[in-house]
Protein chains: 2
Amino acid sequence: MITIKEIAKLANVSPGTVDRVIHNRDGVSEKTADRIKVILKEHNFKVNRIAQSLAMKKKYTIAVLLPHYDEEDSFWKAPLEGIEKAKEEVRSFGVVVETFSFDQKNSSSYIKSFEQLLKTKPQGVVLVPTFKQETRRLTNILLQENIPFVFLNIALSGYGNLSFIGQDSFKSGYLSGKLMQLCLNEGDDILTIHSRSNLSNFNNISQRTKGFDCYFKENGLKNTNHYIEIEDFWDTKKVKVSIEMALKSIPKIRGIFVPNSRSYIIADHINDYRDKVPFLIGFDLTEHNAQALVDDRITFLISQKPFQQGYRAINSLSKFLLYSTPPATEILSSIEIVTKENIPDYRQKEHAIFL
Amino acid sequence: MITIKEIAKLANVSPGTVDRVIHNRDGVSEKTADRIKVILKEHNFKVNRIAQSLAMKKKYTIAVLLPHYDEEDSFWKAPLEGIEKAKEEVRSFGVVVETFSFDQKNSSSYIKSFEQLLKTKPQGVVLVPTFKQETRRLTNILLQENIPFVFLNIALSGYGNLSFIGQDSFKSGYLSGKLMQLCLNEGDDILTIHSRSNLSNFNNISQRTKGFDCYFKENGLKNTNHYIEIEDFWDTKKVKVSIEMALKSIPKIRGIFVPNSRSYIIADHINDYRDKVPFLIGFDLTEHNAQALVDDRITFLISQKPFQQGYRAINSLSKFLLYSTPPATEILSSIEIVTKENIPDYRQKEHAIFL
DNA sequence: CTGAAAGCGCTTACAG
DNA sequence: CTGAAAGCGCTTACAG
């Protein structure tokens, strides 16, 4: 690997001048610039990124705002871990990551945490835009202050975000439809179970449902899909009653579709109906769900690689700040089909990365 | 982030001494060492990896030996791309990657390329151990010369390799069994198609077959699995004749299992039998296979993330050389289920990484 | 046992 | 328009 110093010697100039040419800074005569460019190309010069980082000694702060996780719904644990991992890696490059969390069910905690976040004077922001209206207010502030921001996991459009990092929820629903169909026979019915209390993740969930239905429609399939909505998945008794009512009144149901991350709760309640309803498709590889999968109480889980999503949000924003390379408008994580047989080995910590 | 210089000031010593303590080099009195350690801990000091790399200015060469790919079997393209990607990233850290390829069907080309490889005086080697006996010879040389090496994609044990980067083939076969079962009804039969010409990848393929059979055995399923072996997948006529013979003589066959990366060839030949044999499970997301999947001629492909495998081989070996952190003995890539509906978007180039 | 100095490859004021 | 010098955070001979 040829260095700037060596190029400089070959061109009979100083390293500073070579640097100016490499970065198209002005203040170099066209003549010398051209001469240097030729030599650069000739020797296939590439800047040494780590020396560059060290010399630039710029400090950036990226602030992250995401829902906190709890026992009932630990979905947000994985993205946070991805963020922590990335945080470690970008540290040496002078990027500091500050994380703030809020309550998914409480929009004012969203606003409040955002205000805290602003105090860190971030040069970039990662946002899980849970509440539409409030997000409009927040992003307007960011736009005004000229702080670039990306959306994580929830795709809202028209807010001026640099990028969206997440999954294509419609497609993942569509895929679930396919898997369900492979399991079912022609005359079988399906039960889709919604949760009322999940309004904050409304976007993803409604897209999944649409995708699911679309699969059956597009392929001219005749399985009927019945919907029930449960007020609160955490209210064990009500859940049980609702499900039993549905299953008893519609005996043709052989598959259940739960378009949110709490299919394990449903799985708990249909143990008595296993023979009649052998198939259950849910979303997200949380610990509870994984356990239900391993225990054969869930057939398929669709995962969206939340660890990677968190990692990539930090990663792409860091690249943008450090090297001005804008990320793709959409960074879509792959739609993973997880079964008991290919569930990832968690002893092997995720480690896609360098450093 | 606190720096060595600052620590030194706090401890009233020179940066050199702090450095010695950080890396447990001797030549520091216990007293000062202890004092410095306290301060280090107190301030949660972490070395700046990039400054470290720059200062160490060590140069390492990693040499890679893998099969080249061709039109018939482009499997090895993806690992190579992963390697190239990693190569770019480790460059700034002073690691140079040299790639050598050989003909999978020709063991002497394996030896020859290895000899070329040795000339680069590598400090680490990535090997796809295609031929057992020859591999014994080569690895003995590496062991003698004290050059650490990892196996990529093919798991041989007892050769003294630092790590294996690849997939659990048995498990992936087992998973295929599950998927096949979900597609089939009770009385249906299965046809497994082997390729004689694929001896060099024998290990992975036989493990897949074993896993597949094991699924049916373990779950007490009664679907019969019939085997045929085709001399050469490339001989179109013979392939067609063999398959037709099997399908005609065993009308109960409803699913086909192809435990190698050329299921697309089989898919080409059963178009006339689609209604009778709707399900085909194959391996590896090569371009041809992907096309067959999109065209509904393959039901499931099991992918092993070959890009990542290549990337991680370089990545983990680099970490070992740079920081002496030994990789896990087995770095297993996830077993991906790919269908028409979740086939990755190739416009989005893979980019798990930083820099 | 310890420190001062030079250097890794680049960037950035500053001086001319 | 160009160069010389200092510095990023660390490591490494070398001197004492």
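The chains referred to below are lettered A, B, ... by the order of the sequence lines, with proteins before strands, and numbering in each begins at 1.
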Short side-chain N/O contact from A/S92 to OP1 or OP2 of D/dG9, under 4.0 Å:
no
Toward the 5' end of DNA chain D, which comes first, A/D26 or B/P15, by nearest nucleotide?
A/D26
Distance test, side-chain N/O of B/S29 to OP1/OP2 of C/dT2, below 4.0 Å
yes
Any donor-acceptor pair under 3.5 Å linking the side-chain atoms of A/E6 with those of A/T3?
yes
For atom CD1 of B/I22 and atom C1' of D/dC10, their distance in whole Å
9 Å
Among C/dT12, D/dT2, C/dC8, the one nearest A/T17 by side-chain distance:
D/dT2
Quick one: side-chain hydrogen bond (donor to acceptor under 3.5 Å, both in side chains) pairs with a partner in residues 30-42 of chain B, sequence neighbours left out?
B/S29-B/T32
Do A/S333 and A/Q309 have a side chain donor and acceptor closer than 3.5 Å?
yes
Which residue, A/F164, A/Y159, A/F151, forms the side-chain contact (heavy atoms from CB on, under 4.5 Å) with A/P129?
A/F151
Nearest-Å distance, CD1 (B/I50) to C1' (D/dG7)?
14 Å
Let me know the distance between NZ of A/K5 and P of D/dA4, rounded to the nearest Å.
13 Å
Taking N and O atoms by type only, does the side chain of A/R20 place a donor or acceptor under 3.5 Å from a partner on the base of D/dG3?
yes
Out of D/dT2, D/dT12, C/dT2, minimum distance to the side chain of B/R25 belongs to D/dT12
Would you kindly compare B/L54 and B/V13 by the position of their nearest DNA chain C nucleotide and give the one closer to the 5′ end?
B/V13
Rounded off to whole Å, could you give me the CD1-to-C1' distance for the B/I7 and D/dG9 pair?
12 Å
What's the CD1-P distance between A/I4 and D/dG3, to the nearest Å?
14 Å
Starting from C1' on C/dT2, measure out to CD on B/E30 and report it in whole angstrom.
17 Å
Distance-only polar pair, side chains of A/Y311 and A/E81, donor-acceptor under 3.5 Å:
no
State which of C/dC10, D/dG9, D/dT12 makes the closest approach to the side chain of B/N48.
D/dG9
Quick note, A/M56 side chain, CB onward, closest among C/dC10, D/dG3, C/dT12 is C/dT12
Based on Watson-Crick and G-U pairs with both distances under 3.5 Å, what dot-bracket line describes DNA chain C 5' to 3', crossing pairs as [ ] and inter-strand pairs as |?
|||.||||||||.|||
Given the ring of B/F93, does A/R49 sit roughly above its face, with NZ or CZ under 6.0 Å from the centre of the six-membered ring and within 45° of the axis?
no
Students often get this wrong, so: under 4.0 angstrom with heavy atoms, is B/S53 touching a base, only sugar-phosphate, or nothing?
nothing
Protein-nucleotide distance (B/L40, atom CG; D/dC10, atom P), rounded to Å
10 Å
For atom OH of B/Y323 and atom P of D/dC10, their distance in whole Å:
13 Å
Suppose the criterion is side-chain hydrogen bond (donor to acceptor under 3.5 Å, both in side chains): which pairs have a residue in residues 135-152 of chain B, not counting sequence neighbours?
B/Y110-B/T135
Side chains of B/F114 and B/I141 in contact at under 4.5 Å (non-hydrogen atoms)
yes
Closest to side chain of A/S14, choosing from C/dG3, D/dG7, D/dA4:
D/dA4
